[in-house]
Engineer: 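Quick one: the structure is below, and I'll ask about it shortly.
The chains referred to below are lettered A, B, ... by the order of the sequence lines, with proteins before strands, and numbering in each begins at 1. Predicted, not measured: the structure shown is a model, and the values here were computed from it. As a basis for the values below, the full set of heavy atoms in this structure was taken, side chains included, without hydrogen atoms, waters or symmetry mates.
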2 protein chains.
Amino acid sequence: MTSPRRTRATVHDVAAQAGVSRGTVSRVLNGAGYVSADARARIEAAIAEVGYVRNTAARNLARSKTWAVGFVVHEPHQLFLEDPNIGSILLGTNEVVADADHQLVVLVVDSDRDAKRVSGYLRGGFVDGAVLVSARSDDTVADAIVEFGLPAAFVGHPAGRASVPHVRIDNRTAARQITERLLATGRRRVGMLASALDRDSGADRLEGFQQALGDRFDPRLVVDDPLYSYQSGVAGMAELLDREPALDGVFAASDAVAAGALETLRARGRRVPEDVGLVGFDDSAWATRSTPHLSTVRQPARDMGRAAARLVLDQLGGHEAHDVTLPTEIVWRDSA
Amino acid sequence: MTSPRRTRATVHDVAAQAGVSRGTVSRVLNGAGYVSADARARIEAAIAEVGYVRNTAARNLARSKTWAVGFVVHEPHQLFLEDPNIGSILLGTNEVVADADHQLVVLVVDSDRDAKRVSGYLRGGFVDGAVLVSARSDDTVADAIVEFGLPAAFVGHPAGRASVPHVRIDNRTAARQITERLLATGRRRVGMLASALDRDSGADRLEGFQQALGDRFDPRLVVDDPLYSYQSGVAGMAELLDREPALDGVFAASDAVAAGALETLRARGRRVPEDVGLVGFDDSAWATRSTPHLSTVRQPARDMGRAAARLVLDQLGGHEAHDVTLPTEIVWRDSA
DNA sequence: TTGTACGCGTTATCAG
DNA sequence: CTGATAACGCGTACAA
């Protein structure tokens, strides 16, 4: 089963075999400079004979340029698998990185040890830059990137690291639009399950909600929680119903929160969407796993990936990189 | 936005700053050999002062060992995103690779160009070994791995490359078991939509099906197609119904095929599972995206990832690596 | 057109 | 205990 690799041939071996110097071999290898037809032929024969394949790692060291970009997925547990956005971001990033003839190397962080090792990898001279998705505020890999000064781009929630360009969405506009759409279904008493008001994303979504309601905005109908979690949806929804039994519409700050809200609504005997219209945010797996499927806001994941890649390549090219904000899209399903 | 990295400090700089030789610096860096307390202190101060961080790429070159393992995802289109198995395999592999203090670098292949670049990367001295998922028979990356003799392991359908150890499942037993379960629901005329009979996976599934039926096996009730595709399910199911209108049970060789079959059954007015019981294979996204959800066979993806990683590490440790076959599990849902 | 010498950043092997 | 010096495998001026 196992076929041990014979020790690999080097430029040195090729040169010896062809009876020329390493410099000449290097020239034909890189197609640069002049080399006689005779020498070239002998060298090419020698390459085939000794089975030479270039050691790119050594070449990179000599040229101090790796042509590789890291893609760090730093999601707790296996969110990596659950969140369809991440896969799309990955593909988008790979697309433009590959187009620039760079190699994308994906690094998944699933533990503190992983984080340490990946940080080391990023600083180890293996990549020219990096894209990091969904960094959280206490992300040590992000810290390492910033401290080392590696050209990078973050996608997702801003992580309070101003020195690194971000790719984000317009949370405010998206929240306003989906709320307006919800109102258009004829709902009269509409509340919001807000989350993470201490972060841009959370605060902006609340602001968009308020904009959509205008005069009809009632602060009593907003419940907030620090986390975008299922549990916060369960509890928040109960609180909201207690405050306003006649509630007939809800905007949850994320699909996970909406799924939690759904749970409470069902327990309280409220039908969705007949009695209460419910909308979420993210278009994550929660949206289609819930019954009914959630109407929600989809992020342009693939484009976000593309944009992040460009941000990194721009920096590698010596250009300045500026934050990018991308538009979102409303996905109307069955929950409202 | 952009913070250009100042040129990085080297061992040389540290040595100069501390007033010692590079050799001594290297010794404290690696904690090997004797070094005076005085020298160590001066060196540590120097390291902090010049902001030295080790260039692991250079170190690897000098030690000719990378402590990295490649994970190649070579799925056409974006199957990467659709197949829940791949993510689990990835996590399993990362788990044991990380445990062995190696870095897993994921390489996604989404085009011929990607394949070329990734092959080059794998041969370029960046990794000590590789895991490759779902190689197809014409997989150029797999060919490159074999030709180069890189220690590796393949997971998924065997790709006819005997020199590389595989991690597989027992397709025959799994097929037999789910067919038996289908029969237990009282079905009398059971057919099969077979696929890829030229590959082990396809042939074994048919064999398991036949075993389960025993004397009741009727070759007329087997339709086959070279591909595990939705389309083959659509066409095959029509063919099967034409041959035997009284059919009341079907085993499709994959969930995609089953989903296609579902389409035809619906078009022909057959209710599932009332009129016809249908089971698939893979437990892919098709299974839960279909209505009704498919009863199917789940592969122990995480374990497969773990096993593949061990296979690679074994080879790196100079041990022999043998093929691994893992058991499967039946997932009973609503389609039968 | 070709060979030489040096550099990329680090480690390893020696004397001393 | 420490400092030269030679690898690791390759690129690239520069001189010939």
Engineer: Rounded to whole angstrom units, what separation is found between the CZ atom of B:Arg8 and the C1' atom of C:dT10?
Structural biologist: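 Atom CZ in B:Arg8 sits about 11 Å away from atom C1' in C:dT10.
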Engineer: Students often get this wrong, so: under 4.0 angstrom with heavy atoms, is A:Asn30 touching a base, only sugar-phosphate, or nothing?
Structural biologist: sugar-phosphate
Engineer: If you only use heavy atoms from C-beta on, which nucleotide in D:dT2, D:dG11, C:dG9 is closest to the side chain of B:Ala58?
Structural biologist: C:dG9
Engineer: B:Leu61 has an atom CG; how far is it from atom P of D:dG9, in whole Å?
Structural biologist: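 About 7 Å, once rounded to whole Å.
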Engineer: Tell me: CZ of A:Arg40 to P of C:dT1, nearest whole Å?
Structural biologist: 10 Å
Engineer: Name the nucleic acid region contacted by B:Ala57, choosing base, sugar-phosphate or nothing; use a 4.0 angstrom heavy-atom cut-off, strictly under.
Structural biologist: nothing
Engineer: Verify the distance criterion only: is there a donor paired with an acceptor across the side chains of A:Asp128 and A:Thr66 at less than 3.5 Å?
Structural biologist: yes
Engineer: Taking the side chain of A:Val35 as heavy atoms from C-beta outward, which of C:dT2, D:dC10, C:dT11 is closest to it?
Structural biologist: C:dT2
Engineer: Any idea which of D:dC8, C:dG3, D:dT2 is nearest the A:Thr24 side chain?
Structural biologist: C:dG3
Engineer: Hey, does the side chain of A:Tyr34 come within less than 4.0 Å of C:dG3's phosphate (OP1/OP2), counting only N and O?
Structural biologist: no
Engineer: With sugar-phosphate meaning primed atoms plus P, OP1 and OP2, does B:Thr10 contact a base, only sugar-phosphate, or nothing at under 4.0 Å between heavy atoms?
Structural biologist: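 Contact class for B:Thr10: sugar-phosphate only.
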Engineer: Does a side-chain N-to-carboxylate-O contact under 4.0 Å join B:Asp13 and B:Arg8?
Structural biologist: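 Looking at B:Arg8 together with B:Asp13, the answer is no, because their closest N to O distance does not fall below 4.0 Å.
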Engineer: More than 12 foreign heavy atoms under 6.0 Å from CG of A:Asp112: is that the case here?
Structural biologist: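 Open.
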Engineer: When A:Phe71 is tested against each of A:Asn94, A:Val106, A:Leu107 for side chain to side chain contact (heavy atoms under 4.5 Å, CB included), which residue passes?
Structural biologist: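 So the option named by the test is A:Val106.
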Engineer: Could you pick out which residue, B:Arg42 or B:Ser64, lies toward the 5' side of DNA chain D when each is mapped onto its nearest nucleotide?
Structural biologist: B:Arg42
Engineer: What integer distance in Å separates A:His12:NE2 from D:dC10:C1'?
Structural biologist: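 Atom-to-atom, A:His12 to D:dC10, this comes out as 13 Å.
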Engineer: Once you round it to whole Å, what is the distance between P of C:dT13 and CZ of B:Arg63?
Structural biologist: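 That distance rounds to 11 Å.
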Engineer: Just the rounded figure in Å: distance from C1' of D:dG11 to CG of A:Asn55.
Structural biologist: 13 Å
Engineer: Roughly how many Å is it from NZ in A:Lys65 to C1' in D:dT12, rounded to a whole number?
Structural biologist: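 Distance, rounded to whole Å: 19 Å.
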Engineer: Would A:Asp101 and B:Arg113 count as a salt bridge (charged side-chain N to carboxylate O under 4.0 Å, His left out) if you check the C-alpha gap in whole Å, the side-chain angles of each, and the deciding distance to 0.1 Å?
Structural biologist: CA-CA 9 Å; A:Asp101 272 318; B:Arg113 246 179 100 199; 3.1 Å; yes
Engineer: Which part of the nucleic acid, if any, lies within reach of B:Ser36 when heavy atoms closer than 4.0 Å are counted: base, sugar-phosphate only, or nothing?
Structural biologist: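 Counting heavy atoms under 4.0 Å across all strands, the contact made by B:Ser36 is with sugar-phosphate only.
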Engineer: Could you check B:Arg27 against B:Val53 and say which one's nearest nucleotide on DNA chain C is further toward the 5' end?
Structural biologist: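 So the residue in question is B:Val53.
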Engineer: Would you indicate, yes or no, if D:dG11 has its OP1 or OP2 atom less than 4.0 angstrom from a side-chain nitrogen or oxygen of A:Ser26?
Structural biologist: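 Checking A:Ser26 against D:dG11: at least one side-chain N or O falls below 4.0 Å of OP1 or OP2.
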Engineer: Quickly work out the B:Arg59 CZ to C:dG9 C1' distance and round it to whole Å.
Structural biologist: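 These atoms are roughly 12 Å apart.
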Engineer: Regarding B:Arg22, tell me which of base, sugar-phosphate or nothing describes its non-hydrogen contacts under 4.0 Å with the strands shown.
Structural biologist: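 Base contact.
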